*Asks:* 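The structure that follows is given in the form of structure tokens.
Every value quoted in this text rests on a predicted model; they were computed, and no experiment measured them. Here is how names work: the chains are called A, B, and so on, in the same order as the sequence lines, proteins then strands, and each is numbered from 1.
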Amino acid sequence: MAQPPISRGFRGRKPPVQSDRIPPGQHLVHDFPVLSAGPTPHAPLSEWSFSLDQGGKALKEWSWEEFNALPQTRLKTDIHCVTTWSKLDTQWRGVSIDDLLKAAGLAEPPGDFTMAHCDGDYTTNVPVDDLAGGKGMVATHFEGEPLAPEHGGPARLLVPHLYFWKSAKWIRTLEFLDSDEPGFWEQLGYHIYGDPWQEQRYAGD
Amino acid sequence: MQPHTNDAPLDGNAAGGLLSELFAFDVTTASVICEGCETQGEVAQARVYGGTMGALLRCAHCDTVMIRLVHTPHGFWLDMRGARSFFVKPPAE
Amino acid sequence: MIRNGSDSAVPRRLQWQTAEVSGLIDETPRVRSLVLTLPDWPGHKPGQHVDIRLTGEDGYRAQRSYSIASAPESENVMLTVERIEDGEVSPYLSIDVRKGDKFELRGPIGGHFVWTSALQGPLFLIAGGSGVAPLMAMLRHRAAAKNKAPATLLYSSRAFEDIIYRTELERLAAMGDGLKIVHTLTRQQPAGWAGGARRIDRAMLESEGFPPAARPRIFICGPTRLVESASQIMLDLGHEANLIKTERFGPTGG
């Protein structure tokens, strides 16, 4: 139908906010919406591990205990979900990608691109330049508490300057690649990079 | 289908309206064989997740993603690599 | 006349059409039914749902699915909407909307969670909260079709005032056509309450339902937890999987 009827008085959510901290087309929320592409995993921490991989082999793998003994980084940042909500001043703690590379004995990242692999068969691609140099971390704490399972706990990737689907929940492996490959949503019409300030929501934006 | 902010899934029949944008028949009454566990079941009994970014139909037995659907302003994206085959009965006379 | 619904031999592509609100019924403090007039309704089968799409003055759109609560024999299509706090669509539909308002609708949708009077065997309906809506379409259809096969609705609500369609259910049960209604109230029961006073559980499903040998058709609709536990119990009790149909309701973005 060419001209849908206007539903008198329907406003839906709040209108987009004009602010130098809110990217175009976003609106502010104060809660923390849950978006899941699958069932929330509840595996015990004794079975959890995290690895840096390349070419199908682990360069380094950490148990939960070992992972928590790595240097901790705190970050206060704004997050922006492609479904148009933004949340300001969120506080995170975890291990930076720089510290992970260092702990794995890698002077240089072994590839220019990465693919995050997660429980529930979720993947997402992020260039190394958007993770190294203090830009990304594997987060285990949110607002001072262990990260809740529905928000990606025990650990999620955090790349706050890209749309939040890049901050993959339930991360288990960060794989280094020589070329950029699309992840779970990127194969299905979402933008390969996802910069909220350029409003790169969908392929072709 | 309903975008839902909870991580509880809905049944496959909830995706009927969305699937009708692509198929001329009611896909939810078709049966599908999951690529992950080879179980055959009705699409209506699969689990629907992630209504806000796109719709995912996961196998009710093994959680394999059978169908992915994304509606963007530029068009429709459909990925069915997790669904081995469909069986569709002709509509009743 | 019972119309063909989605059964028609030629598959019919779903189209958005404009629905006009022609009536409003306050069912409970949190639930309202909308009676809709549609320019082009092919008829439906009890249990099917529709998608509705709202468009704000600024062009913002939101889409939701709602079960049809009316019988195919009814002249209008009725939807029943439960208000979800902080929801985007349900507060509009359950509070703001007035007679004469318009929005887009497409349907009917779904060929799985459906029951018609032509199906044989007893009918066992299990509902939680507003999950009763598609089951009400089945009961209204059953009464209109003068079906006398035994039927039971086991319906869980939080409190007495949260029971949707209460007086109509009483009236249907009083018709003496083989329908039994069993209420259970999970949070609060009025003084002298004779019905159930706990969540739907195995003992309730076993005593109120039909034995597996009677091969009842079982429809379960409600919150995920109720649907999963009730369907598992029915399987454990020996009912055939292909006779059990489920539909999960939110909690959703509302």
*Asks:* Between H74(B) and D205(A), is there a side-chain heavy-atom distance shorter than 4.5 Å?
*Replies:*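 They are in side-chain contact.
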*Asks:* If I take atom CG from residue L56(B) and atom CG from residue D121(A), how far apart are they, to the nearest 0.5 angstrom?
*Replies:* 11.0 Å
*Asks:* What is the distance from atom CE of M53(B) to atom OH of Y163(A), rounded to the nearest 0.5 Å?
*Replies:*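 Rounded to the nearest 0.5 Å, the CE-OH separation comes to 10.5 Å.
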*Asks:* Under 4.5 Å, heavy atom to heavy atom, which residues of residues 77-85 of chain B contact chain A?
*Replies:*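 Within residues 77-85 of chain B, the residues under 4.5 Å from chain A are W77(B), L78(B), D79(B), R81(B).
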*Asks:* Would you indicate whether the side-chain heavy atoms of F184(A) and V65(B) approach each other to under 4.5 Å?
*Replies:* yes
*Asks:* Considering only heavy atoms from C-beta outward, does the side chain of P39(A) approach that of R47(B) to under 4.5 Å?
*Replies:* no
*Asks:* Does any backbone or side-chain atom of R58(B) lie under 4.5 Å from a heavy atom of chain A? Answer side chain, backbone, both or neither.
*Replies:*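 Just the side chain, heavy atoms under 4.5 Å.
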